[in-house]
Amino acid sequence: MTAPRKTASARGYEILGPDFYLDRTDRVARRLLGCVVLRVFADRVLANAARADVVLAGRIVETEAYFASGDPACHAHRGRTERNRMMFERGGVAYVYFTYGNHHLLNVVTGPEGRPAAVLIRALEPVEGLGLMRAHRPGRSDTQLTSGPGKLTQALAVGKELNGADLTDSPLMIAAAQSSGRNGPRFRIGRSGRIGIREAQDRLARFYIAGNPHVSVRPRE
DNA sequence: ACTCCGATTGGCT
DNA sequence: GCCAATCGGAGTA
């Protein structure tokens, strides 16, 4: 077990196991809502000169599914390339890619090896490490910290070096939703076409926590 | 080798 | 609401 994973467990996070990611992509996209993305920086020197891991945490409030077959918007639609090769791995690793000359986008690979599918993490609600997130995004209000796919990677310092990271045991992990009440977290799930995508708007592959202020785009009615 | 353009963001009208 | 920034991936305009 890596040091980041030990730190996360010690803080009470239940890291999702590999099986979570082997379900159908749209189901994983839906079930990820409420789960917590953890970015762990090992052994930082703190102000008081003590050394300890630093944890940034954000609750997932918006996701988008990209399917292994029949989805022209999926990066792997035309086959395997150097950029999209992580999508062909077994579910449970990160697929991070660079776009628009500025932004890294974070995806969660799903399904068995050889079936290129993934879930884009589109927005988070900041939970832990707000100070460092603000430092990563100077001048932004707290609702602007992680309310978009490019914003959240900046706030959590997720770059291409985390492409392929094992989400069950690495500096980038995902923990189960904090259960509030015996039936777990309760929220209404909204659904729409994907943002910034022209094709297959009838797919309704975007999922979000209705009414959450950190969701990137209000539904267009 | 070259062109086109994007799973976005932030600034300006 | 509109549009420039910015650059590497992907297909060949």
Side-chain angles (χ1 to χ4, degrees), chain A residues 21 24-30 32-33 35 37 58 60-89 91 93-111 115-126 133-165 167 172 174 190-209 213-221:
Chain A
Y21 302 98
R24 263 175 42 188
T25 306
D26 55 341
R27 279 205 282 260
V28 175
R30 183 185 281 265
L32 277 171
L33 294 176
C35 294
V37 174
I60 298 172
V61 299
E62 181 181 350
T63 60
E64 268 175 16
Y66 288 84
F67 302 94
S69 57
D71 184 3
C74 180
H75 282 172
H77 182 61
R78 292 166 190 263
R80 184 176 179 136
T81 67
E82 177 55 27
R83 177 176 66 159
N84 68 26
R85 66 192 172 89
M86 286 309 168
M87 292 187 84
F88 290 78
E89 296 296 311
V93 300
Y95 166 44
V96 179
Y97 74 94
F98 184 68
T99 191
Y100 286 108
N102 295 302
H103 308 290
H104 293 279
L105 270 56
L106 169 63
N107 295 256
V108 170
V109 174
T110 67
R115 301 221 38 186
V119 175
L120 171 68
I121 308 299
R122 284 197 54 90
L124 303 174
E125 174 182 321
M133 290 191 206
R134 292 185 189 111
H136 288 157
R137 287 181 54 70
R140 312 287 161 195
S141 69
D142 284 1
T143 52
Q144 290 295 307
L145 241 33
T146 54
S147 57
K151 299 174 190 176
L152 69 91
T153 55
Q154 191 183 359
L156 298 192
V158 171
K160 64 181 185 341
E161 69 281 357
L162 289 173
N163 187 35
L167 296 171
L172 184 65
I174 301 181
R191 198 171 174 181
S192 78
R194 294 173 293 198
I195 305 297
I197 295 284
R198 297 181 160 111
E199 348 245 3
Q201 278 301 307
D202 51 320
R203 276 277 205 170
L204 299 187
R206 171 178 178 248
F207 302 90
Y208 56 92
I209 295 182
H214 301 276
V215 169
S216 67
V217 180
R218 301 288 172 185
R220 300 186 44 180
E221 294 313 312

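So that the names make sense, note that chain A is the first sequence line, chain B the second, and so on, each numbered from 1.
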Derivation of the ring pair (Phe, Tyr, Trp, His ring centres under 6.0 Å) call for A:His104 and A:Tyr97: CA-CA 5 Å; A:His104 293 279; A:Tyr97 74 94; 8.9 Å; no
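The cationic atom of A:Arg191 (NZ for Lys, CZ for Arg) does not lie both less than 6.0 Å from the six-membered ring centre of A:Phe207 and within 45° of the ring axis. A cation-pi arrangement is found for A:Arg203 relative to A:Phe67, the charged atom lying closer than 6.0 Å to the ring centre and inside a 45° cone about the ring normal.
B:dG6 atom P lies 9 Å from atom CD1 of A:Ile197, rounded to whole Å. For the pair A:His103 NE2 and C:dC7 P, the computed distance is 12 Å after rounding to whole Å. Atoms NE2 (A:His104) and P (C:dG9) sit 11 Å apart, rounded to a whole Å. Between the CZ atom of A:Arg80 and the C1' atom of C:dG9 there is a distance of 16 Å, given to the nearest Å. Rounded to a whole Å, the CG atom of A:Leu120 is 16 Å from the P atom of B:dG6. Put simply, CG on A:Asn102 is 8 Å from C1' on B:dT9, counting in whole angstrom units. Between A:Leu145 atom CG and B:dG10 atom C1' the separation is 15 Å, expressed in whole Å. The distance from atom CD of A:Gln154 to atom C1' of C:dT6 is 14 Å, rounded to the nearest whole Å.
Picking from C:dA5, B:dA7, C:dC7 the nucleotide with the shortest atom distance to the side chain of A:Tyr97 gives B:dA7. Considering only the side chain of A:Arg83, C:dG9 comes nearest among B:dA7, B:dG11, C:dG9. Nearest to the side chain of A:Gln144, among B:dG10, C:dT6, B:dA7, sits B:dG10. You'll find that the side chain of A:Asn107 is closest to B:dA7, out of C:dA10, B:dT9, B:dA7. Here B:dG10 is the nucleotide among B:dA7, C:dG11, B:dG10 with the atom lying nearest to any side-chain atom of A:Lys151. Closest approach to the A:Tyr100 side chain among B:dA7, B:dG10, B:dG6 is made by B:dG6 (side chain taken as heavy atoms from C-beta onward).
When every heavy atom of A:Leu124 is checked against every heavy atom of A:Thr146, the shortest pair comes out as O-OG1, 2.7 Å.
Residue A:Thr81 places at least one side-chain N or O closer than 4.0 Å to OP1 or OP2 of C:dA10. Under 4.0 angstrom from either OP1 or OP2 of B:dT8 there lies at least one side-chain N or O belonging to A:Arg122. Put simply, A:Arg206 has no side-chain N or O that comes within less than 4.0 Å of OP1 or OP2 on B:dA7. Not one side-chain nitrogen or oxygen of A:Arg140 sits closer than 4.0 Å to the OP1 or OP2 atom of B:dT9. For the OP1/OP2 pair of B:dA7 and a distance below 4.0 Å, the side-chain nitrogens and oxygens of A:Arg198 include no atom meeting the criterion.
Side-chain atoms of A:His75 come within donor-acceptor range of the base of B:dA7, with a qualifying N/O pair under 3.5 Å.
With DNA chain B read from its 5' end, the first of the two nearest nucleotides for A:Arg137 and A:Ala118 is the one closest to A:Ala118.
Base pairing analysis places B:dG6 opposite C:dC7; the two distances defining the Watson-Crick or G-U wobble pair are each below 3.5 Å.
How far CG of A:Leu32 is from CD1 of A:Ile60: 4.5 Å, rounded to the nearest 0.5 Å.
Between the side chain of A:Gln201 and the main chain of A:Arg194, a donor-acceptor pair closer than 3.5 Å is present.
Here A:Tyr66 counts as stacked on B:dA7: its ring centre is under 5.5 angstrom from the base ring centre and the planes meet at under 30°.
Comparing C:dT6 with B:dC2, their P atoms are spaced 23 Å from each other, to the whole Å.
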